[in-house]
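Heads up: the structure comes next, in C-alpha cells.
Note that the structure is predicted; figures quoted are calculated from it, not measured.
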Protein chains: 2
Amino acid sequence: MSSSRPRIPEATVARLAVYLRVLTGLADGGRSNVSSGELASAAGVNPAGLRKDLSHLGPCGVRGVGYEVATLRDRIARVLGVERSRACVLVGIGNLGTALAGYAGFGSRGFRFVGLFDAAPARVGQLIGGQPVRPMAELDEVVTATAATIGVIATPADVAQSVCDRLTAAGLRSILNFAPVALSAPAEVDVRQVDLSVELQVLAFLGQQRGATVEVGA
Amino acid sequence: MSSSRPRIPEATVARLAVYLRVLTGLADGGRSNVSSGELASAAGVNPAGLRKDLSHLGPCGVRGVGYEVATLRDRIARVLGVERSRACVLVGIGNLGTALAGYAGFGSRGFRFVGLFDAAPARVGQLIGGQPVRPMAELDEVVTATAATIGVIATPADVAQSVCDRLTAAGLRSILNFAPVALSAPAEVDVRQVDLSVELQVLAFLGQQRGATVEVGA
DNA sequence: GCGACTTTGTTCCTGCGTTCACAAGCGGTT
DNA sequence: AACCGCTTGTGAACGCAGGAACAAAGTCGC
C-alpha cells in the first residue's frame, strides 16, 4: 500500500514542478545526462537543496555521473501525477481567465480545462481556445460528466466566495483562487490563493527598503 | 536615519499587503474599528500571527478595544510605500500581459504602468486600457523619462532572459517574472518569480495524495 | 587490477517562521 | 474611585526549511 513515501514537503513539491519543466526542456534539447549542479542553476536553487528534494523519491542518480534526464523526468512526473490528465474547470472568463485558458503551459503538464464558465450572458458562447464559454447553470452537469477535480476562480473578488461555494457543492476538492479575497471552504477542500498584486507589492517594498533608508515618520 | 525599523520579514510584508486590502474594504464599508480576531479571519491567518506582524510597525492598536481601521490602513500603506505611485513597465502583451495591464488591483495599490512593450509589430500600436503598445526600441527612452523602477515580464519563456537583460541594462532594479524560466540577473537586481502552473501542480499533488494512497510503482 | 576523481545521498547545524500562552493596559461599570 | 472583562503586545517553545560539510559509491585512467 503506502510504499516508501511518508510525505513530501510542500516546498519540495513546488520545486519538483520546476525541475520537471527544466528536465523536459533538456530532454527536448537532446541532453541525456545532467549533474545536480547544472540542474540546480537552471532551476535557480541550491545544488544541495536539489539533491535533498530528489532524495524524497528514492535514489535516482548515479554517483560520479549524475542523473539520466529521461528517467528523472519520468520519475518526477509520476510522483506529481502528471501522467494522468486532470480535468479542471475555470470560472470567470475575463482578461485573466482568458489568459489562463489559453496558457499552453497547463496543457503540457497534465491539466486540461473541460469547462469555461462565466456569469455574463455576453460572454457565454464565445470561443476561447476552441472551447465555448458556458453559463454557470451548466456547472454541476459538466463537473459530474467530466469528473473534474480542480476548480480555478478568476472572477472579481465580490463573487469569488459564492463561486467557491458552488464549486465545493459540485464536488470539487481543490480550488485555485486568483481573486483577491480569502475564501472559506470546508476542511476537506484545498484552497490555494494566488494574489498577483501582493507579489508586486513585496517587490516594491524590497526595492524601497534597499534603495534608501526612509524614516518611519513621526 | 534608520528609525525603529530594523527589518521586516518578507513573509510579513506579503501578509501586510493582504491586511491592507482587507482594511481598505472595511473602511469603504464604513467600519471604524476592528479586532485582531476579525481581521485575521478576514485575511485567512492566525490572530496571534497577525498581531506579531503588526508589532513590526510599532504599537498601533488600543488594548481592550482593537485597531482603528483608517489609522492602521494608513500606517501599513506608508510602510509598504503605497503612498508614492510607482512607475512600472510591462513587456509581453499577450493574453497574460493584457490581463495584467487591465488589472484594476494594481492601480489602486500605487502601481501604474507607464509603458507596455511587445516585440511583435502586429501588436505595436494597439490600445490596452487607453495606452498604446510600444516597440521594444523605445524601452530605454521610456524608462529614463518616467523613472520607472519595476519591470514585469509576461513574455514567452524563450525570450524572457534577453528581456531581463534589457530591463536591467535600462536601469531597473526590480523585476517580476511570469515566464516559466529562472532568470539570472546581477545581485543588485531583485527578481521575483511567479509560476502559475506550479501552483496548479502543487494543488493537484495534494489532492492526489489525500484522495488515495497510490503506490510509487515498481 | 588498483587508485584517484567526480558526483550523489545523507547528516548536522543554523536560522526563520509559526504557534501557543501569558502579562500589560485600557474602557466600561458600579 | 476601584473593579472586571476584553484585547493588544510580547516572550518562549516548537517545527520546518535551507545550507554546508562529510561519507558512500561508481567510473575513468593507469
Practice task
Check the pair A:Arg15, A:Glu10 against salt bridge (charged side-chain N to carboxylate O under 4.0 Å, His left out), reporting the backbone distance first and the verdict last.
Solution key: CA-CA 9 Å; A:Arg15 283 188 297 264; A:Glu10 201 170 304; over 6 Å; no
Integer-rounded Å distance: [N] [atom2] and [X] [atom1]:
X       : N      : atom1 : atom2 : value
A:Arg75 : C:dG9  : CZ    : C1'   : 13 Å
A:Glu10 : D:dA17 : CD    : P     : 9 Å
B:Leu16 : C:dG17 : CG    : P     : 13 Å
A:Leu39 : C:dT8  : CG    : C1'   : 13 Å
A:His56 : D:dC16 : NE2   : P     : 11 Å
B:Leu72 : D:dG9  : CG    : P     : 9 Å
A:Arg15 : D:dA17 : CZ    : C1'   : 8 Å
A:Glu68 : C:dT8  : CD    : C1'   : 15 Å

Completion exercise
In short, B:Thr155 meets B:Val163 closest at the heavy-atom pair CG2-CG2, 4.2 Å
Practice task
Heavy atoms only: give me the nearest B:Ile175-B:Val189 pair and the separation to one decimal.
Solution key: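 Minimum heavy-atom separation between B:Ile175 and B:Val189: CD1-CG1, 4.1 Å.
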Handout entry: Heavy-atom side-chain contact between A:Arg173 and A:Thr168 under 4.5 Å
Key = no
Handout entry: Criterion side-chain contact (heavy atoms from CB on, under 4.5 Å) against A:Leu23, the qualifying member of A:Val69, A:Val18, A:Thr71
Key =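 The side-chain contact (heavy atoms from CB on, under 4.5 Å) with A:Leu23 is passed solely by A:Val69 among A:Val69, A:Val18, A:Thr71.
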Problem - Identified side-chain contact (heavy atoms from CB on, under 4.5 Å) partner of B:Val143 from the options B:Val114, B:Leu172, B:Thr149 - result: B:Leu172
Handout entry: 5'-most by nearest nucleotide on DNA chain C - B:Ala11 or A:Tyr67
Key =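 The residue mapped nearer the 5' terminus is A:Tyr67.
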Practice task
Dump the intermediate steps for side-chain hydrogen bond (donor to acceptor under 3.5 Å, both in side chains) on B:Arg86 and A:Gln208, then the final yes or no.
Solution key: CA-CA 10 Å; B:Arg86 301 183 179 281; A:Gln208 140 184 310; 2.9 Å; yes
Handout entry: Side-chain donor/acceptor of B:Asn177 to backbone N/O of B:Val181, under 3.5 Å
Key = yes
Practice task
Determine, for B:Arg31 against B:Glu38, whether the closest basic-nitrogen to carboxylate-oxygen distance falls under 4.0 angstrom.
Solution key: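 Salt bridge present between B:Arg31 and B:Glu38.
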Problem - Residue-level proximity of residues 23-38 of chain A to DNA chain C when a heavy atom falls under 4.0 Å - result: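 Residues of residues 23-38 of chain A under 4.0 Å from DNA chain C: A:Ser35, A:Ser36.
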Exercise for the section: Run the numbers on A:Tyr19 and A:Ile76 for side-chain contact (heavy atoms from CB on, under 4.5 Å), then give the verdict. Expected result: CA-CA 8 Å; A:Tyr19 306 154; A:Ile76 296 178; 4.0 Å; yes
Exercise for the section: Mark up nucleotides 19-30 of chain C, 5' to 3', with B wherever a protein heavy atom is under 4.0 angstrom from a base atom, S wherever such an atom reaches only the sugar-phosphate, and - elsewhere. Expected result: BB---BBBS---
Exercise for the section: Step by step, work out the side-chain hydrogen bond (donor to acceptor under 3.5 Å, both in side chains) result for A:Asn95 and B:Thr98. Expected result: CA-CA 7 Å; A:Asn95 278 322; B:Thr98 305; over 6 Å; no
Practice task
Measure the angle between the two terminal helix axes of the helix from C:dG1-D:dC30 to C:dT30-D:dA1, five base pairs each, and quote it to 10°.
Solution key: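 Axis-to-axis angle, ends of the helix: 0°.
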